[in-house]
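Below is one structure, written out as structure tokens; the observations come after it.
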Amino acid sequence: MMTNLLTLPTQYQLQTMTVATMDGALLPVSVIGDGEPVMMLHAYGMDAREFLPFILPLTSKYTFYLPHFRGFGAAKDINLTQFDFVRQYADDVNIMIEHVCRDRNVESLPIAAISMGALVMWSYFERFGISRVSRYLNIDQSPVIHNQSDWQGGLFGARQQELFDIFHEVVDLTLPYSNLDIFTHLPFALKRRVTDVERLFSLLSVNRPRSKAIVKILTHQNDHKLVFYDHITWQHKMRCLQAYLAIPYDFRPAIEDVTIPVINLIGGRSKLYDPKWQQKITQMLPNATEVILPRAGHAIPLDEPTGFYRVLKGFLQG
């Protein structure tokens, strides 16, 4: 029997609000639930609505605000106006947080962020402080991207140079087509290279065999399918990748000022950020505890959905 959306309890009705940014863009925010406001920030390439399976059981107690970053999900048609996309996302998040606090008449709210979304939060803390965030769940993300003499826990750890060389190659190959938005118009060999590199990144993000199988199925493109594949976000992903490679993101100076309660959730088998270096972040934060899910890779919700749900629920309960 089909249930009409209008007959669903309010807590299960997914709505979309828009928030105007400084440059006039109207960014969509998916909203669901009936209770205390919470914000969750999604990862690179992710749609914010992919959080829904984990938050639906909690919607009677919390209202979840799920912003869509420019170029992804429901904001896929909204372009970046700055090369430093992390900084622009942090500006956007600041406006969204202020909007929610005013709308709900609260001084601050809990925020959970994963991967790229968590990098955006490190930038947010550096630029806007902690006054609007009551507590923070950091999901498998270092505040440092590039390895340095005093930090070898950047993206991909010991394999950073090898994988960055691959990313540099694909970015250089796509630069002559920077004004071409339609993926189907690219040379076939270039389309294959772009999708192969994306698949490599996705496979590095997971650890469990079932997760790898899911990624392989979702990212498989035979030659016939690839010819007609309409990859809407490819240009945006290339722009983000360029910034990752060019900008030495390092938000460690802001860590000592993040005095709010923090849970540092770590994938024990993460290939993107070495768990041992992530544990150093816990030690550097003034008021942090860590949870390690030993069988999870970087994409913790996919590798360990039950464990992720339990940590999220515990975080929200304070």
Side-chain angles (χ1 to χ4, degrees), residues 15-43 48 51 55 58-59 61-70 72-73 75 78 82 84-139 141-143 249 251-265 281-282 284-289 311-318:
Q15 302 176 16
T16 302
M17 72 176 193
T18 56
V19 178
T21 63
M22 294 296 291
D23 62 358
L26 296 176
L27 292 183
V29 181
S30 294
V31 184
I32 191 168
D34 187 17
E36 176 187 341
V38 177
M39 186 172 288
M40 297 184 70
L41 305 181
H42 67 79
F51 284 126
I55 64 178
L58 304 170
T59 51
K61 294 184 178 180
Y62 307 99
T63 299
F64 291 91
Y65 293 83
L66 312 175
H68 296 257
F69 289 123
R70 297 170 189 248
F72 296 116
I78 301 177
Q82 301 177 28
D84 185 349
F85 76 102
V86 173
R87 183 184 179 92
Q88 182 154 43
Y89 285 172
D91 288 341
D92 291 344
V93 166
N94 177 56
I95 291 171
M96 293 177 189
I97 291 173
E98 292 295 326
H99 178 92
V100 173
C101 287
R102 287 195 304 270
D103 186 60
R104 298 298 303 271
N105 194 28
V106 296
E107 289 297 319
S108 61
L109 67 160
I111 296 182
I114 183 170
S115 191
M116 179 195 72
L119 185 66
V120 171
M121 280 305 298
W122 291 124
S123 177
Y124 171 88
F125 287 135
E126 180 185 70
R127 302 189 58 230
F128 302 105
I130 59 171
S131 63
R132 288 301 204 185
V133 184
S134 59
R135 54 193 184 276
Y136 174 53
L137 174 59
N138 181 70
I139 306 167
Q141 178 64 50
S142 167
Y249 291 117
F251 299 109
R252 283 178 294 171
I255 284 180
E256 64 181 17
D257 296 324
V258 183
T259 56
I260 55 175
V262 176
I263 293 180
N264 194 20
L265 178 56
I281 297 300
T282 312
M284 294 165 66
L285 286 159
N287 187 14
T289 57
V311 173
L312 176 64
K313 182 178 179 181
F315 163 74
L316 293 176
Q317 291 173 341

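Not measured: the values here are computed from a predicted model.
- Residues Pro110 and Ser134 approach most closely at N-OG, 3.1 Å, considering heavy atoms.
- Residues Cys101 and Leu109 come closest through the heavy atom pair SG-CD2, 3.6 Å.
- Residues Leu41 and Phe51 share a closest heavy-atom pair of O-CZ, 3.6 Å.
- Without hydrogens or angle criteria, Thr16 side chain to Val29 main chain gives no donor-acceptor distance under 3.5 Å.
- With hydrogens and angles disregarded, a donor-acceptor distance shorter than 3.5 Å links the side chain of Arg135 to the backbone of Phe315.
- For the atom pair CG of Leu26 and CD1 of Ile78, the computed distance is 7.0 Å after rounding to the nearest 0.5 Å.
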Worked verdict on Tyr65 versus His99 for side-chain contact (heavy atoms from CB on, under 4.5 Å): CA-CA 11 Å; Tyr65 293 83; His99 178 92; over 6 Å; no
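- For Ala90 against Phe128, the heavy-atom pair with the smallest separation is O-CE1, 3.7 Å.
- Interatomic distance, OG of Ser123 versus CG of Asn94, reported as 10.5 Å (0.5 Å rounding).
- Of all heavy-atom pairs spanning Phe69 and Gly117, the tightest one is CE1-CA, 4.0 Å.
- Geometrically, Arg70 does not engage Phe85 in a cation-pi contact defined by less than 6.0 Å to the ring centre and at most 45° from the axis.
- Atom NE2 of residue His68 and atom CG of residue Asp92 lie 13.5 Å apart, to the nearest 0.5 angstrom.
- Between Ile281 atom CD1 and Trp122 atom CH2 the span is 6.0 Å, to the nearest 0.5 Å.
- More than 12 heavy atoms of other residues, nucleotides or ligands sit less than 6.0 Å from atom CE of Met284.
- With rounding to the nearest 0.5 Å, the separation of OG1 in Thr63 from CD in Glu36 is 9.0 Å.
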Leu312/Ile55 under side-chain contact (heavy atoms from CB on, under 4.5 Å): CA gap, chis, key distance, verdict: CA-CA 9 Å; Leu312 176 64; Ile55 64 178; 4.0 Å; yes
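- The closest donor-acceptor contact from the side chain of His42 to the backbone of Leu66 lies at 3.5 Å or more, if one exists at all.
- A distance-only check finds no donor-acceptor pair linking the side chain of Gln141 to the backbone of Ala118 [under 3.5 Å].
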Ile97 vs Tyr124, side-chain contact (heavy atoms from CB on, under 4.5 Å): CA-CA, chis, key distance, verdict: CA-CA 11 Å; Ile97 291 173; Tyr124 171 88; 3.7 Å; yes
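- No more than 12 heavy-atom neighbours from other residues, nucleotides or ligands sit within 6.0 angstrom of CD on Glu107.
- With rounding to the nearest 0.5 angstrom, the CD1 atom of Ile263 is 11.0 Å from the OG1 atom of Thr282.
- Between Ser115 and Ala43 the shortest heavy-atom distance is CB-CB, 3.7 Å.
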Criterion side-chain contact (heavy atoms from CB on, under 4.5 Å) on Met22 and Ile95, from CA distance to verdict: CA-CA 8 Å; Met22 294 296 291; Ile95 291 171; 3.6 Å; yes
